[in-house]
Amino acid sequence: MGAAGYDKGKSKADPGGILSGLAVALGCVLFLGGFAWGAVLYRPYTVPTSSMAPTIAAGDRVLAQRVDGGEVRRGDVVVFTDKTWVSNAAVVKRVVAVGGDTVACCTEGKLTVNGKQIDEPYLAKGSLAEIQDFATVTVPKGRLFLLGDERSGSLDSTAHLTDAASGTVARSAVSARVDAVVWPMNGMLQRPTGFEQLGALSSPGPLRTVVALIAVGGVLVLGGGAWGPIANRLGRRAKPRTEPAGAR
């Protein structure tokens, strides 16, 4: 009898509550895991000048994937440090040529790399590469030639042509590759397709996946946490009322 009484009084498991708990737990894993993954792979930078306009304006906040200099390809927007350029500060510029390339300006108003004219749709309208006219430079192995997207005012490789390295920067100086402008929310940088004729481009980083994990995790946490109170309220409304015996 004691066993029967125990079974009768025992509360049944609530499937909705179990699912709610699982959703919250999974959401926490995805949300925190996405943030942790993003923190390991990406670093935020604020670009203080307009040398990369219109791609990146002065004051914009960007996310850059930590990469080894050996992973850099033509067309990448990279973050690097070079004391001959700026002391104790990171610089953001676009790679237009790599070791072994010959780069010059200009042919019919366009930058040329290895004798090929490069289409650069990321430049401002009316901003021709001929504004930065310079003689042919052969980039030494293991080094990069970098330009700002604002060609008329950028202190880039063209401003250092008389240096010992002819304006080039060592690959090892690169610490990150810019994937997106996050403030204002301009999104992922466009792929520099004009350089495809010279070789493979870099693949975009996993930023979209990181953001998706964080977003899905947040939805699961909020949805799972809200399910319990909603289910209880709906259950109370659905429960039929009982009247005392003899009541009419």
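Below, each value reflects all heavy atoms present in this structure, side chains not excepted, and no hydrogens, waters or symmetry copies.
- Considering only heavy atoms from C-beta on, Val62 comes within 4.5 Å of Ile56 through its side chain.
- Applying the 6.0 Å contact sphere to CG of Leu22 captures more than 12 heavy atoms from other residues, nucleotides or ligands.
- Within the structure, ring-ring contact (aromatic ring centres under 6.0 Å, His included) contacts touching residues 175-207 (residues at least two apart or in different chains) do not occur.
- Exactly one of Val169, Val95, Val103 qualifies for a side-chain contact (heavy atoms from CB on, under 4.5 Å) with Phe145. That residue is Val103.
- Considering all non-hydrogen atoms of both residues, Ala124 and Pro54 come closest at N-CD, 3.6 Å.
- Residue pairs satisfying the ring-ring contact (aromatic ring centres under 6.0 Å, His included) criterion with at least one member in residues 46-65, sequence neighbours excluded, are absent.
- By the 4.5 Å heavy-atom criterion applied to side chains, Ser175 and Thr81 are not counted as neighbours.
- In this view, Val29 satisfies the side chain to side chain contact (heavy atoms under 4.5 Å, CB included) rule with no residue, not counting sequence neighbours.
- Residue Ala23 comes nearest to Leu220 through the heavy atom pair O-CB, 3.5 Å, listed as atom of the first residue, atom of the second, then distance.
- Note on residues 19-43: no pairs pass salt bridge (charged side-chain N to carboxylate O under 4.0 Å, His left out), not counting sequence neighbours.
- In this view, Arg74 and Asp101 satisfy the salt bridge (Lys or Arg N to Asp or Glu O under 4.0 Å) rule, not counting sequence neighbours.
- Looking only at distances, a side-chain donor or acceptor of Glu150 sits under 3.5 Å from a matching main-chain atom of Ser152.
- In this view, Asp82 and Thr84 satisfy the side-chain hydrogen bond (donor to acceptor under 3.5 Å, both in side chains) rule, not counting sequence neighbours.
- When the ring-ring contact (aromatic ring centres under 6.0 Å, His included) test is applied to Phe80, the partners found at least two apart in sequence or on another chain are Trp85.
- Around atom CZ of Arg191, more than 12 heavy atoms belonging to other residues, nucleotides or ligands sit under 6.0 Å away.
- Taking CG of Leu201 as the start and OG1 of Thr193 as the end, the distance is 7.5 Å to the nearest 0.5 Å.
- Looking at residues two or more places apart in sequence or on another chain, you find a side chain to side chain contact (heavy atoms under 4.5 Å, CB included) between Val86 and Ala89, Val91.
- Trp37 places a side-chain heavy atom less than 4.5 Å from the side chain of Pro206.
- With hydrogens and angles ignored, the 3.5 Å screen pairs no side-chain donor or acceptor of Tyr45 with any backbone N or O of Val79.
- Here the side chains of Val181 and Leu189 are in contact, with some heavy-atom distance below 4.5 Å.
- Listed for the Asn114 side chain is a donor-acceptor partner under 3.5 Å among the backbone atoms of Thr102.
- Counting all heavy atoms, side chain and backbone alike, Asp156 lies closest to Leu146 at CB-O, 3.4 Å.
- With no hydrogens or angles considered, no side-chain donor-acceptor pair links Arg73 and Ser202 at under 3.5 Å.
- Between the side chain of Asp60 and the backbone N or O of Val47, no donor-acceptor pair lies under 3.5 Å.
- With hydrogens and angles ignored, the 3.5 Å screen pairs no side-chain donor or acceptor of Arg94 with any backbone N or O of Leu147.
- To the nearest 0.5 Å, atoms CD1 (Ile118) and SG (Cys105) are separated by 11.5 Å.
- With hydrogens and angles disregarded, a donor-acceptor distance shorter than 3.5 Å links the side chain of Thr168 to the backbone of Ala165.
- In this view, Phe31 and Phe35 satisfy the ring-ring contact (aromatic ring centres under 6.0 Å, His included) rule, not counting sequence neighbours.
- A side-chain donor-acceptor contact under 3.5 Å links Ser20 to the backbone of Gly224.
- Applying the side chain to side chain contact (heavy atoms under 4.5 Å, CB included) rule to Val24 yields the partners Cys28; only residues at least two apart in sequence or on another chain are considered.
- Going from atom OG1 of Thr138 over to atom CZ of Arg143 covers 14.0 Å, rounded to the nearest 0.5 Å.
- Each salt bridge (charged side-chain N to carboxylate O under 4.0 Å, His left out) pair with one or both residues in residues 164-177, not counting sequence neighbours, appears once here: Asp76-Arg177.
- Between the side chain of Ser51 and the backbone N or O of Ser154, no donor-acceptor pair lies under 3.5 Å.
- Ile214 is not listed as a side-chain neighbour of Leu30, based on a closest heavy-atom distance of 4.5 Å or more.
- For the side chain to side chain contact (heavy atoms under 4.5 Å, CB included) test, residues two or more places apart in sequence or in another chain that qualify with Gln117 are Thr107, Glu108, Lys110, Thr112.
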